[in-house]
Amino acid sequence: MSHTPAAGAALGNELRAGTVAKVGSTKRIQELNGMLHANRPNVDITRARAYTKVYKETEGLPSIMRRYKASAEVYRTLSDVVYDHEQLVGWPTKRIRGANFAIELHAHWLADDLPNLRDRTYDPFEITDEDYKELEEELLPYWKDKTMAVQWGHYVSQEEWNRGQFGGISDVSNYLCANGSHFIPAWTDVIRYGFVKYYEEAKALLAGLNPNDPASIDKRIFYNGIIEVLEAIRDWGERLSASCARKAAEEKDSVRKKELEDMAAMMKRVPWGPATSFHDACETAWAVCFFLFVEGAGPSITWGRFDQYMYPYYKADVEKGILTPEGAMELIEELYVRVTSNVWFQSTQMAYIFGGYYRYPHLDVGGLDENGKDATNELSYLCLRAMRYAKTTSPAVCLMLHQKTPDSLLYEACELAAEGMGHPSFFNCEGLYEMLAHRAAGPDGYSNYTRKEILKYGSPIGCVEPGAEGLQYGHTDSGIINVAGAALMAVTNGVMPIESDNMFAGKLLTFETGAPESFETFDQFYEAVKAQIKYAIDEAHANLLVCEKLLAEQFNLPTFTVLLEGALEKAVDATAGGAKVNIGPTMQMVGFGTMVDSVAAIKKVVFQEKEATLREVCDACMNNFRGYEDLRTKLQAAPKYGNDDDFADDIAVDLWKWFADCTVGLKMYRGHYCDAAIQMVQSNVGYGAMTGATPNGRLAGMPISDTMSATQQADTHGPTAAARSYGKLDFPAYTNGTLLNMWISQSELLEKS
């Protein structure tokens, strides 16, 4: 029986079930997609082995020297395998879908998680017996007491160390293990000139140092390290070229033989030198992407405005007659397959919160050019169409919308959305650009970006964060503030209910804002809610300052640094402030709808209707509403955010502003200010699991509300009323981005008979 290809969500279910995988616009892409899905996520210890070797050999040398030498060693030892069917070259790991993890950040938890890594519930990883043994006996013992989390523990108490990672209210655990993420490198520059440009620049700057200048001491170490890293990248290209040539010599098929010979020649050109074709440009885009994923530990190495910087190569090749739109789309589809192979490696705890192996790369199309005109071109359409064929989870294809977006491009985006895969994301350019204008600039301040830079280079990173190509660095997913839990703490006087899966269950988790019976008015209680939110933000800020100091001193990122405009000239690493605009750590709010509904319920039931006391609500939450079913029903019946009801929405508007105001005035380690943001979809499940019952009637352990959306199933008046509620909030105040998740049922779209 022939199998009719499924579409949208149905195909997604089949992909996950393993019944179908070979999809794509051409036979090549179908085979590569099949190869991707034939491999399970696996651990690669190449990076861990290289770092351990170098650090053992360089005891006593300056920290940045050791770090840069280790990065160079990684590039020197990366796999040079070339597979059938591929026309782009190079893989970050020995096997497809591998994780070349950062042992210097992960060893402390991996030492405990290793026995369960293969069969844990969330995001299990395959690992060979040989690599398992080497990790267990040689690599982890060296690193487990040297990670960033362990070093952070030297600056804080054991209780603070636990609260910041396992308390679930003011959380910095993601930041401790995800250095090197949320970044848009200087794509236009590196594709146009190649890494050789930075190599020559570093050599010239080194030669120009004055040995009688005290600043030259550290700069000399910096430039020598950068040069070694870049030489390793050059040598990687030579190795891959040789590998293609060897494979070509063995190939019997004349067509494939010519492809391999062309790939061997290409790898002598890029990424070391300038791209001379669309194929070259795609290879550089791929190589830079996985270099950064290997060097860093976090998610979201972003391709940014792909259709803009790639279009000149596409246009030139089409005009020469050496490229067709179909050929270009095949290369784009291969990029999609390859980037999907870059899986995120996390602890068991973090996999529960950020599960799915996904590393949040973005690829953005549309938007405006530097003169404010619509920037749509042929590649904009091809990038959207390529995802309809490749059907991969990565990258997150995004349409940057504005009033001049052509209807035809919007239609193409809607065609992709109808596939049901979650692509594309839709971003409002006006809001994005306003966020960038105030990025990391403090109350009423302006960022260092020019208007033209924002228009030309501005695009989303990761989930929703605004960034700019080659001009910005800093981890944008940092301090995570569970505001639903903070509101609960105002009810329980800082104690996490015993009925919760939390190591602080039944204990004081935050601070005492007053016993429930001490609040005589709603205003008094409301001030306690705000105090708990501010406490959580301030606690995360203090912890993140220590993390920033450790990153700047010991966890440097040379490849990130060379791909930042001006960083080489300043001789300042990305982690130490080398970017034109330094951002992060940031404050990410999760559980907004649950918080608003909890406060609204208490206002209505306790202080207006007087149908219960705050002590009774506290006791109900402490007991997970057992014996308090009638009270729970009353709390659930209170007005809810997301229904265009000002009773709840006024609270939402005020607490939205309060969170931003508490955040944007905080000074960070590198001299800039903090940014507020909304935490992504999915983390609400993990943080909900750690949170006791909340005053909106939610039971302990259940998910809290996701993103800035209404509480699940609480927006009962339809999508229009929900949109009106959301529209009351000041989006640009959240300069690290906002995210709205709306599910609209088919019945709401169909005309009622």
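These numbers were taken from a predicted model, which means no experiment stands behind them.
- In this structure, E238 places its CD atom where more than 12 heavy-atom neighbours from other residues, nucleotides or ligands lie under 6.0 Å away.
- For an aromatic pair to be called close, the ring centres must be under 6.0 Å apart, and F345 with F101 satisfies this.
- At distances below 3.5 Å, not a single donor-acceptor pair connects side-chain atoms of E295 with backbone N or O atoms of S71.
- Residues T559 and Y75 have side chains that bring a donor and an acceptor to within less than 3.5 angstrom of each other.
- Checking N741 against T707 by side-chain atom types alone, no donor-acceptor pair falls below 3.5 Å.
- In the model, H475 has no side-chain atom that pairs as donor or acceptor with a side-chain atom of N179 under 3.5 Å.
- Counting non-hydrogen atoms of neighbouring residues, nucleotides and ligands closer than 6.0 angstrom, the NZ atom of K203 reaches no more than 12 such neighbours.
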Item to complete: Evaluate the criterion side-chain contact (heavy atoms from CB on, under 4.5 Å) for residue pair N736 and R439; output intermediate values, then yes/no.
Response: CA-CA 7 Å; N736 195 49; R439 198 75 159 102; 2.7 Å; yes

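- With R76 contributing its side chain and A50 its backbone, the two residues share no donor-acceptor pair below 3.5 Å.
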Discussion item. Show, in sequence, the C-alpha distance, side-chain angles and deciding distance for R256 and E259, and conclude whether the salt bridge (charged side-chain N to carboxylate O under 4.0 Å, His left out) test is met.
Written reply: CA-CA 5 Å; R256 180 57 178 164; E259 283 184 349; 2.8 Å; yes

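- Remark: side-chain polar atoms of R305 are paired, donor with acceptor, to backbone N or O of G366 under 3.5 angstrom.
- The shortest distance between side-chain heavy atoms of V190 and F195 falls below 4.5 Å.
- Using a 4.5 Å cut-off on side-chain heavy atoms (C-beta onward), C282 and L88 make contact.
- To the nearest 0.5 Å, atoms CD (E231) and CZ (R234) are separated by 5.0 Å.
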Discussion item. Under the criterion side-chain contact (heavy atoms from CB on, under 4.5 Å), I'd like the reasoning laid out for L409 against Y381: C-alpha separation, chi angles, the key distance, then a yes or no.
Written reply: CA-CA 7 Å; L409 185 64; Y381 295 88; 3.9 Å; yes

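- In this model, a donor atom of one side chain and an acceptor atom of the other lie less than 3.5 Å apart for S300 and T302.
- Minimum heavy-atom separation, R359 to N342: CD-O, 3.1 Å.
- Contact of the C289 side chain with the V339 side chain is registered, since non-hydrogen atoms from C-beta on lie closer than 4.5 Å.
- Judged by distance alone, with hydrogens and angles left aside, the side-chain atoms of R338 form a donor-acceptor pair with the main-chain N or O of G90 at under 3.5 Å.
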Practice prompt. Could you please spell out the steps behind the side-chain contact (heavy atoms from CB on, under 4.5 Å) verdict for F731 and L432?
Written response: CA-CA 9 Å; F731 297 100; L432 177 77; over 6 Å; no

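- Between T575 and N556 the shortest side-chain heavy-atom distance falls below 4.5 Å.
- Aromatic rings from W286 and Y336 are positioned such that their centres are separated by 6.0 Å or more.
- Between A567 and F222, the shortest heavy-atom contact is O-CZ, 4.2 Å.
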Practice prompt. Step by step, work out the side-chain hydrogen bond (donor to acceptor under 3.5 Å, both in side chains) result for T46 and N100.
Written response: CA-CA 7 Å; T46 299; N100 233 328; 4.6 Å; no

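- No close placement of the H279 and Y314 rings is indicated, their centers lying 6.0 Å or farther apart.
- With hydrogens and angles disregarded, no donor-acceptor distance shorter than 3.5 Å links the side chain of D317 to the backbone of L323.
- Heavy atoms only, all atoms of each residue included: G467 and I184 are closest at C-CD1, 3.9 Å.
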Practice prompt. Test H362 against F427 for ring-ring contact (aromatic ring centres under 6.0 Å, His included), laying out the working first.
Written response: CA-CA 12 Å; H362 247 275; F427 279 84; 5.7 Å; yes

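- The number of heavy atoms from other shown groups lying within 6.0 Å of OH (Y411) does not exceed 12.
- Using modelled atom types, one side-chain atom of K391 and one backbone atom of R388 make a donor-acceptor pair closer than 3.5 Å.
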Item to complete: Show your working on salt bridge (charged side-chain N to carboxylate O under 4.0 Å, His left out) between R269 and D280 and close with a plain yes or no.
Response: CA-CA 8 Å; R269 295 192 299 270; D280 282 3; 2.9 Å; yes

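- For CD of E415, the number of neighbouring non-hydrogen atoms (other residues, nucleotides, ligands) closer than 6.0 Å is greater than 12.
- Taking all atoms of both residues into account, the shortest heavy-atom contact from G296 to L557 is CA-CD2, 4.4 Å.
- T450 is not listed as a side-chain neighbour of I454, based on a closest heavy-atom distance of 4.5 Å or more.
- When the shell of 6.0 Å around NZ of K315 is examined, it contains 12 or fewer heavy atoms from other residues, nucleotides or ligands.
- Taking the six-membered ring for Trp and thresholds of 30 and 60 degrees, F291 and W236 have ring planes more than 60 degrees apart, a perpendicular arrangement.
- Atom OH of Y357 has more than 12 heavy atoms from other residues, nucleotides or ligands within 6.0 Å.
- Heavy atoms of other residues, nucleotides or ligands lying less than 6.0 angstrom from CG of D407 number 12 at most.
- The shortest side-chain heavy-atom distance between Y68 and D573 falls under the 4.5 Å cut-off.
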Worksheet entry | Working for side-chain hydrogen bond (donor to acceptor under 3.5 Å, both in side chains), residues Y457 and Q472 | CA-CA 10 Å; Y457 297 119; Q472 173 181 301; over 6 Å; no

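- One N or O on the side chain of T561 and one on the backbone of A574 form a donor-acceptor pair closer than 3.5 Å.
- Distance check, rounded to the nearest 0.5 Å: CD of E334 to CG of L32 gives 5.0 Å.
- When atom types are taken as modelled, the side chain of T284 and the backbone of V270 share no donor-acceptor pair closer than 3.5 angstrom.
- Using bins of under 30°, 30° to 60° and over 60° for the plane-to-plane angle, the ring pair F560/F183 lands in the tilted bin.
- Of the candidates E330, E333, Q30, S25 forms a side chain to side chain donor-acceptor pair (under 3.5 Å) with just one, namely E333.
- Without hydrogens or angle criteria, Y449 side chain to L455 main chain gives no donor-acceptor distance under 3.5 Å.
- With hydrogens and angles ignored, the 3.5 Å screen pairs a side-chain donor or acceptor of T77 with a backbone N or O of V74.
- Of all non-hydrogen atoms in G737 and P466, the two that sit nearest each other are N-CD, 3.7 Å.
- Between T393 and T340 the shortest heavy-atom distance is OG1-CG2, 3.5 Å.
- Between Y433 and M400 there is a side-chain heavy-atom pair separated by less than 4.5 Å.
- Taking the six-membered ring wherever Trp is involved, the centroid distance between the rings of Y360 and Y358 falls below 6.0 Å.
- Side-chain contact of W303 with E469: a donor-acceptor pair under 3.5 Å is absent, judged by distance alone.
- Using a 3.5 Å distance cut-off with no hydrogens or angles, the side chains of Y734 and D675 do not pair a donor with an acceptor.
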Item to complete: Could you go through the side-chain contact (heavy atoms from CB on, under 4.5 Å) check for F278 and E283 one step at a time?
Response: CA-CA 9 Å; F278 185 74; E283 174 61 36; over 6 Å; no

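- For the side chain to side chain contact (heavy atoms under 4.5 Å, CB included) test with N33, the passing option among M35, H37, E31 is H37; the others fail.
- In this structure, the side chains of Y198 and D189 come closer than 4.5 Å at one or more pairs of heavy atoms.
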